[in-house]
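Quick notes on the structure that follows.
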Amino acid sequence: MARHNREGVGSDQHGFEYKVSYQPDWLRHVKVTRRLPSGRQSTMTLFRNPVEFRRRPPGERVRTRITCPDQEVDLEITVRGDQAGVTRCSVTCRVPAREGGGSDEVTFTLENDLPVSPESPR
C-alpha cells in the first residue's frame with residue numbers, strides 16, 4: 001500500500017515560497033527554471049525529498065502539487081500506471097512579473113529517481 005503525501009516547502013530565485021505536496025516513494029526533487037533579465041536561464045532546486053530511499057513501491061497513482069499564492073501558481077501533476085518508467089515531468093507556467101507588469105515564464109521539473117531501499121518489499 002502506498003504512503004500518503006507529505007508536505008515540503010522551498011524558495012525560488014526571487015525568494016517566492018512554494019509548498020510541495022509529494023508522494024515520498026516517488027519524487028526525488030523539484031527544480032525551478034526562470035529567465036533572468038540578462039536573458040540567461042537560472043535553474044535551482046526548489047525542493048528535495050529528505051528520504052534517501054523509497055520504502056515501498058508507489059501506488060497506482062502518484063500526485064504532486066505545487067502552490068505559490070504570490071505567483072498565482074497552483075498545479076497538480078498525476079502519474080498513473082508504471083511510475084518507474086516516468087523519470088521526469090516538466091510544466092511551464094506564466095506568472096506575474098516581479099516588476100513592471102507583464103508575465104514571466106517559470107518551468108517546474110519533477111524527477112523520479114529514488115533508489116529502492118535494501119529493506120523495502122519488492
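We're numbering straight along the sequence, starting at 1.
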Item to complete: Quickly, which of Leu110, Val86, Asn112, Leu27 forms a side chain to side chain contact (heavy atoms under 4.5 Å, CB included) with Val79? Name it, please.
Response: Val86

Practice prompt. Apply the test side-chain hydrogen bond (donor to acceptor under 3.5 Å, both in side chains) to residues Thr92 and Thr107: give CA-CA distance (whole Å), side-chain angles for both, the deciding distance (0.1 Å), then the verdict.
Written response: CA-CA 4 Å; Thr92 301; Thr107 300; 2.9 Å; yes

Discussion item. Please determine whether the number of non-hydrogen atoms from other residues, nucleotides or ligands lying under 6.0 Å from atom CD of Gln41 exceeds 12.
Written reply: yes

Worksheet item: Donor-acceptor pair, Asp74 side chain versus Thr67 backbone, under 3.5 Å?
Response: no

Item to complete: Begin from the C-alpha positions of Thr33 and Thr43 and carry the test side-chain hydrogen bond (donor to acceptor under 3.5 Å, both in side chains) through to its verdict.
Response: CA-CA 4 Å; Thr33 303; Thr43 300; 2.9 Å; yes

Discussion item. Is there a side-chain contact between Cys93 and Glu105 in this structure, where contact means two heavy atoms from C-beta onward sitting under 4.5 Å apart?
Written reply: no

Discussion item. If we ignore hydrogens and angles and just use 3.5 Å, is the side chain of Glu17 paired with the main-chain N or O of Cys68 as donor and acceptor?
Written reply: no

Discussion item. Let me check something: do Val20 and Leu75 share a hydrophobic cluster, defined by ILVMFWY side-chain heavy atoms less than 4.5 Å apart, either directly or through other members?
Written reply: yes

Item to complete: Let me see the working for Met44 and Lys31 under side chain to side chain contact (heavy atoms under 4.5 Å, CB included), right down to the final yes or no.
Response: CA-CA 6 Å; Met44 67 179 287; Lys31 293 192 176 196; over 6 Å; no

Worksheet entry | Arg88 and Asp113 ion-paired at < 4.0 Å | no

Practice prompt. May I ask you to decide whether Glu111 forms a salt bridge with Arg28, counting only side-chain N to carboxylate O separations under 4.0 Å?
Written response: no

Worksheet item: Any salt bridge between Arg80 and Glu60, counting N to O under 4.0 Å?
Response: no

Discussion item. Would you say that Asp12 contacts Arg34 through its side chain, given a criterion of any heavy-atom pair below 4.5 Å between the two side chains?
Written reply: yes

Worksheet item: In a check of side chain to side chain contact (heavy atoms under 4.5 Å, CB included) between Thr64 and each of Trp26, Phe47, Phe108, which one passes?
Response: Trp26

Worksheet item: Shortest non-hydrogen contact from Arg94 to Ser103?
Response: CD-OG, 3.4 Å

Worksheet item: So, the side chain of Asp25 versus the backbone of Arg55: is there a donor-acceptor pair under 3.5 Å, distance only?
Response: yes

